[in-house]
**Q** 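Please read through the structure below; I'll follow up with questions.
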Amino acid sequence: MAIKCIARLRSRRVVQDQLQTPNEVEAEGGCCWANLPQELLWEVLLMIEETESIWPQRKNVVACAGVCRSWRFIIQQIVKLPQLSGKLTFPISVKQPGPKDSLLQCFIKRNRSTRTYYLYLGLTNSLSDGGKFLLAARKCRRPTCTDYIISLQAEDFSKGTNTYAGRLRSNFLGTKFTVFDGQSPQAGAKMGKSRSSRLANLRQVSPSSNYPMAHISYELNLLGSRGPRRMQCNMNTIPATSIAPGGLDPTTQAQLNPYQSTPTSFLSKSASMENSVSDQKNGGLVLINKAPRWHEQLQCWCLNFHGRVTIASVKNFQLVASPENEPAGPEHEKIILQFGKVGKDLFTMDYRYPISAFQAFAICLSSFETRIACE
């Protein structure tokens, strides 16, 4: 009964907001439903949040957040960050770190004819389910580089809209990549008037509004030695101390939620470019390939994907944190991102804290580029 009322509340709020002036709406706290007893409202919203463990039902939590300001304030107190709950509730969750205790299982579908890639959250352990759509990317070839435009919508890849999440750009050889975030690093950003901007808390950006947040490089295989590709990811905005026991990344320290200001951890364009030159010196997190082992009977390089990868491919990889100049600890053995092939155009992508779904997706997109010099 409570869930059925949510749709009515939102529709009534739209009509009410159209009839009232902004001053009247502000004076009444947004709508008449804002005057419900806070204790009762808290209990109702808490029950709705606890009963929605997967995405198809999480839409009711999002609907509750859109009723009025007081409802939104309570929801933002109840809904936990993905790294604590393992749930992706709001669109902004794709840019927040994944869960700490386990890998969040996703999969990528490739459409060769349109050169598009779609990221889905797996709702079950089987890949047969449709999944929940998270992000999409379209490949754009240019004379000197290749761009992957990443969007919050499956069909809209415009850079000048609120659906634009960021992009991935490669060099001419396809051996070095830069991940750009389309979200403004300025704190205190106001939510736009459109529905997409209210949900995603993303400001409208111009094509030049890109902020470097990660650099990916593939090692050249000049001698033609056997083995998988070797890659390294320098995460500009994530400190290496975030994976240490008790360590927190800047996003977690700020205790962000979908209705607060944008992450201050995303550096400005100039600052990120300067820091990318010395990630190791400044203590930035560096991800490297987990070393595979050679299987004598199968005569191939092997990694344990725990059943998540079924087809051998040079694209398959597992990333762990680099110990740099320090002795390796248990935190350096944990797989932060793994990617592998399970079908002709179907791939699994599992990630965890401290990277986000957006960062993991961008890293996986770099693996789709064909580079003879690295293989």
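We're numbering straight along the sequence, starting at 1.
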**Q** Can S366 and Y218 be said to form a side chain to side chain donor-acceptor pair (under 3.5 Å), step by step?
**A** CA-CA 9 Å; S366 69; Y218 288 83; 2.8 Å; yes
**Q** Using the side chain to side chain contact (heavy atoms under 4.5 Å, CB included) rule, take Y120 and K109 through it: C-alpha gap first, then chi angles, then the decisive distance, then the call.
**A** CA-CA 8 Å; Y120 296 87; K109 291 183 179 180; 3.9 Å; yes
**Q** Rounded to the nearest 0.5 Å, what's the gap from CD on Q105 to CZ on R352? Could you check?
**A** 12.5 Å
**Q** What I'd like to find out is whether the side chain of S242 reaches to under 4.5 Å of the side chain of Y353, using heavy atoms alone.
**A** yes
**Q** With sequence neighbours excluded, tell me which residues meet side chain to side chain donor-acceptor pair (under 3.5 Å) with Y118.
**A** T116
**Q** Measure the shortest side-chain to side-chain distance between L319 and I288 over non-hydrogen atoms and say whether it is less than 4.5 angstrom.
**A** no
**Q** Do I311 and I108 belong together in a cluster built from hydrophobic side chains that touch within less than 4.5 Å?
**A** no
**Q** Closest approach of T310 and V342, non-hydrogen atoms and distance?
**A** OG1-CA, 3.3 Å
**Q** Who pairs with N171 by side chain to side chain donor-acceptor pair (under 3.5 Å), at least two apart in sequence or on another chain?
**A** T175
**Q** Within the distance-only criterion (no hydrogens, no angle test), does the side chain of N316 pair as donor or acceptor with the backbone N or O of K341 below 3.5 angstrom?
**A** yes
**Q** With F339, which residues qualify under ring-ring contact (aromatic ring centres under 6.0 Å, His included), at least two apart?
**A** F317, F347, F368
**Q** Which residues pass the side chain to side chain donor-acceptor pair (under 3.5 Å) test with E49, sequence neighbours left out?
**A** R58
**Q** To the nearest 0.5 Å, what is the distance between CZ (F358) and CD (Q96)?
**A** 14.0 Å
**Q** Could you tell me whether R167 sits above the aromatic face of F180, with NZ or CZ closer than 6.0 angstrom to the six-membered ring centre and within 45 degrees of the axis?
**A** yes
**Q** When rounded to the nearest 0.5 angstrom, what is the spacing between CG in L365 and OG in S170?
**A** 11.5 Å
**Q** Using side-chain heavy atoms (C-beta onward) and a distance below 4.5 Å, is E50 in contact with L46?
**A** yes
**Q** Are side-chain heavy atoms of R115 and R141 found at a separation under 4.5 Å?
**A** yes
**Q** For A214, is there any backbone N or O sitting under 3.5 Å from a side-chain donor or acceptor partner on Q359?
**A** no
**Q** Can you tell me how far apart CD1 (I238) and CD1 (I336) are? Round to the nearest 0.5 Å.
**A** 8.0 Å
**Q** Do you know which two heavy atoms are closest between L121 and C106, and how far apart they sit?
**A** CD1-SG, 4.0 Å
**Q** Check the side chains of D156 and T163 for a donor-acceptor pair under 3.5 angstrom, ignoring hydrogens and angles.
**A** yes
**Q** Check whether any side-chain N or O of Y164 sits under 3.5 Å from a backbone N or O of I149 as a donor-acceptor pair, and report yes or no.
**A** no
**Q** Does one side chain, of E52 or N60, offer a donor that lies under 3.5 Å from an acceptor on the other?
**A** yes
**Q** Report the C-alpha separation of S322 and L287 in whole Å, then their side-chain angles, then the decisive distance to 0.1 Å, and conclude whether the side chain to side chain contact (heavy atoms under 4.5 Å, CB included) test is met.
**A** CA-CA 6 Å; S322 172; L287 303 180; over 6 Å; no
**Q** Going through the distances and angles, do L135 and S151 end up as a side chain to side chain contact (heavy atoms under 4.5 Å, CB included)?
**A** CA-CA 6 Å; L135 292 167; S151 173; over 6 Å; no
**Q** Looking only at atom types and distance, does a side-chain atom of S85 sit under 3.5 Å from a main-chain N or O of L81, one as donor and one as acceptor?
**A** yes
**Q** Just to verify, what does F157 make a ring-ring contact (aromatic ring centres under 6.0 Å, His included) with, not counting sequence neighbours?
**A** none
**Q** Using every non-hydrogen atom in the two residues, find where T89 and V61 come nearest and quote the distance to one decimal.
**A** CG2-CG1, 4.1 Å
**Q** Measuring from atom OG of S356 to atom CD1 of I92, what distance do you get when rounded to the nearest 0.5 angstrom?
**A** 9.5 Å
**Q** For V320 and E333, work out which heavy atoms get closest and say how close.
**A** CG1-O, 4.1 Å
**Q** Is it the case that the side chain of K95 and the backbone of A165 share a donor-acceptor pair, with hydrogens and angles ignored and the cut-off at 3.5 Å?
**A** yes
**Q** Would you name the heavy atoms of L119 and A357 that are closest together and state the gap between them?
**A** CD2-O, 4.2 Å
**Q** Given side chains that start at C-beta, do those of N111 and Y117 come closer than 4.5 Å, heavy atoms only?
**A** no
**Q** Applying side chain to side chain contact (heavy atoms under 4.5 Å, CB included) to T146 and R169, what does each step give before you reach the verdict?
**A** CA-CA 6 Å; T146 300; R169 168 165 289 188; over 6 Å; no
**Q** Enter the distance from L134:CG to I150:CD1 here, rounded to the nearest 0.5 Å.
**A** 12.5 Å
**Q** Please determine if D350 and R308 form a salt bridge, counting it only when a charged side-chain N lies under 4.0 Å from a carboxylate O.
**A** yes
**Q** Any link between L103 and F305 through a network of hydrophobic side chains (Ile, Leu, Val, Met, Phe, Trp, Tyr) touching at under 4.5 Å?
**A** no
**Q** Check whether any side-chain N or O of D181 sits under 3.5 Å from a backbone N or O of M213 as a donor-acceptor pair, and report yes or no.
**A** no
**Q** Backbone N or O of I74 within a donor-acceptor pair of the Q77 side chain at under 3.5 Å?
**A** no
**Q** Applying side chain to side chain donor-acceptor pair (under 3.5 Å), name anything that partners Y351, two or more places apart in sequence or on another chain.
**A** none
**Q** Decide, yes or no, whether a salt bridge links K139 with D147 under the criterion of side-chain N to carboxylate O below 4.0 Å.
**A** no
**Q** Could you report the tightest heavy-atom contact between P354 and P97, atom names first, then the distance?
**A** O-CB, 3.7 Å
**Q** Do I78 and M47 share a hydrophobic cluster (ILVMFWY, side-chain heavy atoms under 4.5 Å, transitive)?
**A** no
**Q** When you measure from the side chain of S367 to the backbone of C364, do you find a donor-acceptor pair of N or O atoms at a distance under 3.5 Å?
**A** no
**Q** Report yes if the side chains of I216 and L168 come closer than 4.5 Å at any heavy-atom pair, otherwise no.
**A** yes
**Q** Quick check: does any side chain N or O of S158 sit under 3.5 Å from a backbone N or O of T161, one acting as donor and the other as acceptor?
**A** no
